Amino acid sequence: MWIGIAVLIDFILFFVMGQEIALEFMGGYLIELSLSVDNLFVFLSIFTSFSVPEHLRHRVLRYGIIGAALLRMMFIFLGAAVVSRFEFVLYFFGVILIANGVKMIGERPDGRESRGVAWGMKLVRKFIPVTEEFCGLHFFVKKEKAGGKGKLCRYATPLFVVLVVVEISDIIFAIDSVPAVFSVTKNPLIVYSSNLLAVLGLRQLYFSLEKLAKRFACLKYGIAAVLMFTGLKMLAEMLSLSVSTPASIVFIFSALFISAAASLVTAKKGSE
């Protein structure tokens, strides 16, 4: 449904605002959607590490995606203001994207998740005690403190810690994905709308990919290729070289298709 809405909006942009804007929107959407796939695998690692029951994952993802939409809005419009005044910042982002792409190739699948879990636990426990077990759908509960003589205190539940970790992970990924979209267009409305539509579909996409995660082991190489490509595209502007948006879309499609196909072939050989 969300992918269909994105395609419909792209057609509307094509007829109302022209081919260039429509291509920029589709390029930004494809970059964000492809980088979001890596985000989904990290979400799976987070839920597994906390042993989150499946019926609670819906609640975490619902609030996590709302938070991600708000945080990215601030990040994108702040970034657009900085880029408009200091264009050289894009070159700095380009270096970061290339470095993260290279790092992703050799990174363990739960590399970012491990950092997010550690930060999330420290952040929450610094301000509020955390219960040892889940308490239904609740993020916070009131319970008697040990030695508190009947006094009730507010505790965060592990579900709230998971939500914090998911938001931290999304911020880490936004450092990659948002600058990558700026390589296609510097229009903040196009950047945010393409980001928003990709993020809104994450919840449904997660449950579609959850059972198939092990079959897409090579997908991270395609995502790393997209990161490095967008980084190189940014740096190419220093030499007055430009890569057209249609060429960028073809590269992203090719990288994801080849890595997904390689994953399926590898999974098939492994099962045999």
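Because the structure is predicted, anything quoted here is derived from the model rather than measured. Basis for what follows: all heavy atoms, side chains included, without hydrogens, waters or symmetry-related copies.
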Neighbour count above 12 (heavy atom, 6.0 Å) for Tyr63 OH:
no
Would you please name every residue forming a side-chain contact (heavy atoms from CB on, under 4.5 Å) with Leu56, sequence neighbours left out?
Val52, Pro53, Phe134, Leu137, Leu159
How would you list, by chain and number, every residue that makes a ring pair (Phe, Tyr, Trp, His ring centres under 6.0 Å) with Phe257, sequence neighbours excluded?
none
According to a hydrophobic-cluster definition based on side-chain heavy atoms being under 4.5 Å apart (Ile, Leu, Val, Met, Phe, Trp, Tyr only), do Ile12 and Tyr192 belong together?
yes
Of all residues at least two apart in sequence or in a different chain, which pass the side-chain contact (heavy atoms from CB on, under 4.5 Å) check with Leu61?
Phe43, Phe47, Arg203, Tyr206, Phe207
What distance separates Glu32 CD from Leu196 CG, expressed to the nearest 0.5 Å?
10.0 Å
Euclidean distance, Asp10 CG relative to Leu30 CG, rounded to 0.5 Å
9.0 Å
With Ala261, which residues qualify under side-chain contact (heavy atoms from CB on, under 4.5 Å), at least two apart?
none
Distance, nearest 0.5 Å, that separates OG of Ser194 from CZ of Phe25:
6.0 Å
His138: what forms a ring pair (Phe, Tyr, Trp, His ring centres under 6.0 Å) with it, not counting sequence neighbours?
none
Keeping the roles fixed (side chain from Asn195, backbone from Val191), state whether a donor-acceptor pair exists under 3.5 Å.
yes
Relative to each other, are the rings of Phe160 and Phe140 parallel, tilted or perpendicular (30° and 60° limits)?
tilted
With sequence neighbours left out, write down each residue that passes ring pair (Phe, Tyr, Trp, His ring centres under 6.0 Å) with Phe14, or none if nothing qualifies.
none
What's the separation between atom CG in Leu13 and atom CE in Met26, rounded to the nearest 0.5 Å?
9.5 Å
Report the distance from atom CD1 of Ile66 to atom CG of Leu200, rounding to the nearest 0.5 Å.
9.5 Å
Minimum side-chain heavy-atom gap Tyr29-Ile3 below 4.5 Å:
yes
Sequence neighbours left out, what passes side-chain contact (heavy atoms from CB on, under 4.5 Å) with Ile5? Give chain and number order.
Met1, Trp2, Ile9, Leu197
Check whether any side-chain heavy atom of Val250 sits under 4.5 Å from a side-chain heavy atom of Ser254, and report yes or no.
yes
